[in-house]
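Fair warning: this is a prediction, and the values are worked out from it, not measured in the lab. Residue numbers start at 1 and run along the sequence shown.
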Amino acid sequence: GAAPPIIRGVQAMYAGILRHFRAFGALGIGIWSEAGFFQGDPLAMFLLNVLMSVWGFLVELEAPGATPHGYADDAGVTSDALPPASKAADLTTEYTTLTGRQLAPRKCFAWCTDPSSRPLLREFSLGGHTISTELAARKLGAYLVYSFLHGSGTASKRMHAATAVARRISSAPLDSQ
């Protein structure tokens with residue numbers, strides 16, 4: 001991962017810190033910090049973004065045709081072809097190993113907007129794990145659909161439910177006074 005002097009510096013900053021929790025205006029008992037960052041620590045986000053930036057530059061440099069996307073610890077790659085995406089997956093596996101991070105293959109998936117190419121994704125793997133192929137997914141809170149099929153999935157269900165609510169509201173008697 002990072003150079004040893006950087007790691008030692010960050011470890012020294014957080015070693016032996018007495019943490020207190022505040023609740024209902026009162027300060028709780030102190031808990032000695034053994035390791036790690038505080039929840040919401042801006043330095044933790046900065047360092048995580050540095051790691052993600054280096055990963056993104058690696059993918060751009062070593063896997064032409066693959067475009068890396070990252071936000072905090074959420075990484076992804078888009079590509080018009082499978083070979084650059086496979087190369088990016090291999091680089092990602094190597095990078096996570098070198099930086100001491102772990103992949104979460106159950107959280108990973110592949111997608112393709114071309115139905116004739118989807119069978120190729122069955123062979124796609126990350127860190128030696130075959131990952132699922134999805135037609136729709138949530139990404140940073142947004143619901144994305146990767147197929148032209150209409151009438152199925154979360155977006156369609158929500159639209160039908162919202163339409164039903166709107167119909168009930170529009171037919172409700174309103175007091176005109």
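Closest non-hydrogen pair, Ile131 versus Pro105, comes out as CG2-O, 4.0 Å. Closest non-hydrogen pair, Ala66 versus Ser79, comes out as CA-CB, 4.2 Å. The shortest non-hydrogen separation linking Pro84 to Ala81 is CD-O, 3.4 Å. Contact record, Ala137 with Phe109: CB-CZ, 3.4 Å, taken as the closest heavy-atom pair.
Separating the CH2 atom in Trp55 from the CZ atom in Arg101 is a distance of 10.0 Å, to the nearest 0.5 Å. A distance of 12.5 Å separates OG of Ser53 from CG of Leu58, quoted to the nearest 0.5 Å. To the nearest 0.5 Å, atom CG of residue Leu121 and atom SG of residue Cys112 are 5.5 Å apart. A distance of 7.5 Å separates OG1 of Thr92 from CG of Leu103, quoted to the nearest 0.5 Å. If you take CD1 on Ile17 and CH2 on Trp32, they are separated by 9.5 Å, rounding to the nearest 0.5 Å. The line from CG of Leu91 to OG1 of Thr96 is 10.5 Å long, rounded to the nearest 0.5 Å.
When the shell of 6.0 Å around CG of Asp80 is examined, it contains 12 or fewer heavy atoms from other residues, nucleotides or ligands. Atom CG of Leu18 has more than 12 heavy atoms from other residues, nucleotides or ligands within 6.0 Å.
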Go through the steps to decide whether His69 and Thr78 satisfy the test side-chain contact (heavy atoms from CB on, under 4.5 Å), and finish with yes or no. CA-CA 8 Å; His69 308 276; Thr78 54; 2.9 Å; yes
When you look at Phe124 and Thr130, which way does the side-chain contact (heavy atoms from CB on, under 4.5 Å) test go after all the steps? CA-CA 6 Å; Phe124 197 77; Thr130 301; over 6 Å; no
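Side chains of Thr133 and Trp111: no donor on one and acceptor on the other come within 3.5 Å. Ser132 and Glu134 form a side-chain donor-acceptor contact under 3.5 Å, judged by distance and modelled atom types alone.
Under a hydrophobic-cluster definition in which Ile, Leu, Val, Met, Phe, Trp and Tyr are linked whenever side-chain heavy atoms come within less than 4.5 Å, directly or via other members, Leu126 and Leu120 are assigned to the same cluster. Each of Phe57 and Val59 belongs to its own hydrophobic cluster when Ile, Leu, Val, Met, Phe, Trp and Tyr are linked at side-chain heavy-atom distances under 4.5 angstrom.
With hydrogens and angles ignored, the 3.5 Å screen pairs a side-chain donor or acceptor of Tyr95 with a backbone N or O of Leu51. Under a 3.5 Å cut-off, the side chain of Thr93 and the backbone N or O of Gly127 do form a donor-acceptor pair. Not one N or O on the side chain of Arg22 forms a donor-acceptor pair closer than 3.5 Å with the backbone of Leu27. His20 places a side-chain N or O within donor-acceptor distance of the main-chain N or O of Gly28, the cut-off being under 3.5 Å. Panel note: side chain Asp74, backbone Gly70; no donor-acceptor pair is recorded below 3.5 Å.
Pro64 places none of its side-chain heavy atoms less than 4.5 Å from the side chain of Lys87.
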